[in-house]
Amino acid sequence: MVSRVIPVDPFDLVIFGGTGDLARRKILPGLFRRYCAGQMPEDARITGAARSDLDDDGYRAFVAEAIREFGGGRACEDGTLEQFLQRLGYVTVDAKGEAGWAELRARVRPGLVRAFYFSVAPSLFGDLAERLRQFDLATDQCRIVVEKPFGHDLASARTLNATLARHFDESQIYRIDHYLGKETVQNLMAVRFGNMLFEPLWNAQYVDHIQITVAETVGVGGRGSYYDKSGAMRDMVQNHLMQLLCLIAMEPPARFEPDSVRDEKLKVIRALDPVDWHHVVRGQYEPDGDQPGYREDAENPRSTTESFVALKCHISNWRWAGTPFYLRTGKRLRARASEIAVVFKDAPHSIFGSEAGRHRNVLSIRLQPNEGITLGVTIKEPGPGGMRLIDVPLDMSFADALGPDAADVPDAYERLIMDVIRGNQTLFMRGDEVEAAWAWTDPLIAGWETRGDVPKPYDTGSSGPDDSLMLMHRDGRKWREIRP
Ligand code: NAD
């Protein structure tokens, strides 16, 4: 049912940073799964380009290992992996020097779709863009894929946008936010704009509030020193949570096309009020038994970087005036769970009396794990003894609805890479969106620095600092439970 696969055109994909962690865990296994699914034409070619000294065979061995380790899919056993590996090659390239570029130039073929994935440190994005032009690898139709983080603040994002714009048109730049590639996130748009049922209620008149939670159980572990310069606000809120907020809150785009969708998202970001700092809670996880706390993980005993943030914000437009949006994300929390919950208002009058209790419809869009959408509806508790009301879920779990086909739903990276090859930017961030998001988060971060704000400690396995519960409690609301 879901596996209707339309093959893409023949392409040359060059992965800068092709030996890195992201390539190993996500990009290469994802490409293999698309190959298995029959989406990749026979003359597709993938070239790893990085600093390590490898040849084609050495890279193929590296990729085979990555695929075995990080999910190759069921076709792994029957020779498909060997066929896929024949599509791979490798060139040792120095992003900051001259080495390797002429050879790379000789490898890419004229007349095909050409894409360059920048899976390297952001400090190299500008160098890569420049050398692609200098060595005549860039064409007017080629595409570049840029990983996160896109800048550290508004000024650096502007500089990066300007650097890329010197070499590429905006229509060639694909800024990845892998949250946009998640099946449920796209389903959110299908539910909103493909049904008559929800959109008439999708506004401040009927929606009490919206909660967005992205909870992780892992700490910052091995990437502590990188994370310590960033924190939850920069690492998660400015990009992933902001994109989810945009899709939930935007007006219906005229068409499901890149600029229609991105124009509407941009309007949401620009309509966000500045956040009152009393409405933000930051936290840092504490040590737990043998497990180090945030400061040990970050190797910075005085770190004031947050591993958790919860905030309340408002969108000042006709649709949402008066409806708060609560955002929360953190590490080492109770469960790995990401959810958007649209909490509707109470019915205006209860004909069942106060003992029936207060019941609210909640539309829960679950991103991970167990992707799916649930609508909580109120019904009568079965049996005699009067009218008692209970809430039951109308469940649209993908695993249940789609059966074994659910396993074939491509993961976010797979889908987004195929979108790059197809030339579809709908699920990628435009430069002005990224800048607007930084313009909103920058003053908050600057405020913490000026006030010398210190994050509140919280226990591993908790829901974050108590103050984050109070943020809701003060408004007579509560967070939904973080459940696996
Ligand atoms: P990594 O450190 O594991 O790999 C870096 C890659 O860049 C290596 O292949 C290395 O050979 C190559 N490289 C370094 N210097 C080079 C140079 N001068 N010339 C050519 N190649 C050079 O990094 P990563 O974790 O794979 O991250 C890559 C990018 O993806 C970063 O921008 C990161 O922020 C982003 N990202 C990573 C993850 C993840 O899970 N790893 C998640 C989201 C975003």
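Whatever order the structure lists ligands and atoms in, that order sets their numbers, starting from 1.
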Exercise. Can you list the ligand 1 atoms lying under 4.0 Å from a non-hydrogen atom of Val93?
Worked result: 19 (N), 20 (C)

Exercise. Which atoms of ligand 1 sit under 4.0 Å from any heavy atom of Thr19?
Worked result: 8 (C), 9 (O), 11 (O)

Exercise. With a 4.0 Å cut-off, strictly under, does atom 2 (O) of ligand 1 pick up any protein heavy atom?
Worked result: no

For this session: Starting from atom 18 (N) of ligand 1, locate the nearest protein heavy atom and write down its residue, its atom name and how far away it is, to 0.1 Å.
Result: Asp94 OD1, 3.1 Å

Exercise. How far is atom 28 (C) of ligand 1 from its nearest protein heavy atom, and which residue and atom is that?
Worked result: Ser119 O, 3.3 Å

Exercise. Going by the order shown, which atoms of ligand 1 are within less than 4.0 Å of some heavy atom of Pro149?
Worked result: 34 (O)

Exercise. If every non-hydrogen atom of Thr184 is compared with every non-hydrogen atom of Leu367, which pair is closest and at what distance?
Worked result: OG1-CA, 4.1 Å

For this session: Consider only side-chain N and O atoms of His152 and Lys229, and report whether a donor and an acceptor are under 3.5 Å apart.
Result: no

Exercise. Of the protein's non-hydrogen atoms, which lies at the shortest distance from atom 33 (C) of ligand 1, and what is that distance?
Worked result: Lys148 O, 3.6 Å

Exercise. Would you say Arg25 touches ligand 1, if touching means a heavy atom closer than 4.0 Å?
Worked result: yes

For this session: Decide whether Tyr117 and Glu147 meet the rule of one side-chain donor and one side-chain acceptor closer than 3.5 Å.
Result: yes

For this session: Return a yes/no value for Ser52: is any of its N or O atoms, backbone included, closer than 3.5 angstrom to an N or O of ligand 1?
Result: no

Problem set entry | Cation-pi check, Arg105 onto Phe135 ring (under 6.0 Å, within 45° of axis) | no

Exercise. Should the pair Arg133 and Phe168 be classed as cation-pi, given the thresholds of under 6.0 Å to the six-membered ring centre and 45° from the axis?
Worked result: yes

Problem set entry | side-chain hydrogen bond (donor to acceptor under 3.5 Å, both in side chains) contacts in which one or both residues fall within residues 439-455, not counting sequence neighbours | Arg282-Asp453

Problem set entry | Backbone or side-chain N or O of Val120 under 3.5 Å from ligand 1 N or O | yes

Exercise. Taking the inter-plane angle between the rings of Tyr59 and Tyr90 on a 0 to 90° scale, is it parallel (under 30°), tilted (30 to 60°) or perpendicular (over 60°)?
Worked result: tilted

For this session: Report the nearest protein non-hydrogen atom to atom 43 (C) of ligand 1: residue, atom name, distance rounded to 0.1 Å.
Result: Glu147 OE1, 3.8 Å

For this session: Give the residue, atom name and distance (to 0.1 Å) of the protein heavy atom nearest atom 21 (N) of ligand 1.
Result: Arg51 N, 3.6 Å

Problem set entry | Sequence-distant partners of Arg295, side chain to side chain contact (heavy atoms under 4.5 Å, CB included), two or more places apart | Gln284, Ser303, Val454

Problem set entry | Ligand-side contact atoms (ligand 1) for residue partner Ala50, heavy atom cut-off under 4.0 Å | 9 (O), 11 (O), 21 (N)

Exercise. Do any nitrogen or oxygen atoms of Gly20 lie less than 3.5 angstrom from nitrogen or oxygen atoms of ligand 1?
Worked result: yes

For this session: Note the single closest protein heavy atom to atom 6 (C) of ligand 1, along with its residue, its atom name and the distance in Å.
Result: Gly17 CA, 3.5 Å

Exercise. Any donor-acceptor pair under 3.5 Å linking the side chain of Thr163 with the backbone of Thr159?
Worked result: yes

Exercise. What is the nearest protein non-hydrogen atom to atom 23 (O) of ligand 1, stated with its residue, atom name and distance?
Worked result: Asp21 N, 4.4 Å

For this session: Answer yes or no on whether Lys182 is positioned over the face of Tyr179, meaning its NZ or CZ is under 6.0 Å from the six-membered ring centre and within 45° of the axis.
Result: yes

Exercise. Where is the nearest protein heavy atom to atom 42 (C) of ligand 1: which residue, which atom, and how far?
Worked result: Leu22 CD1, 3.8 Å

Exercise. Is the closest N or O pair between Ala95 and ligand 1 shorter than 3.5 Å?
Worked result: yes

Exercise. Judged by atom type as modelled, is there a donor-acceptor pair below 3.5 Å linking the side chain of Arg24 to the main-chain atoms of Val63?
Worked result: no

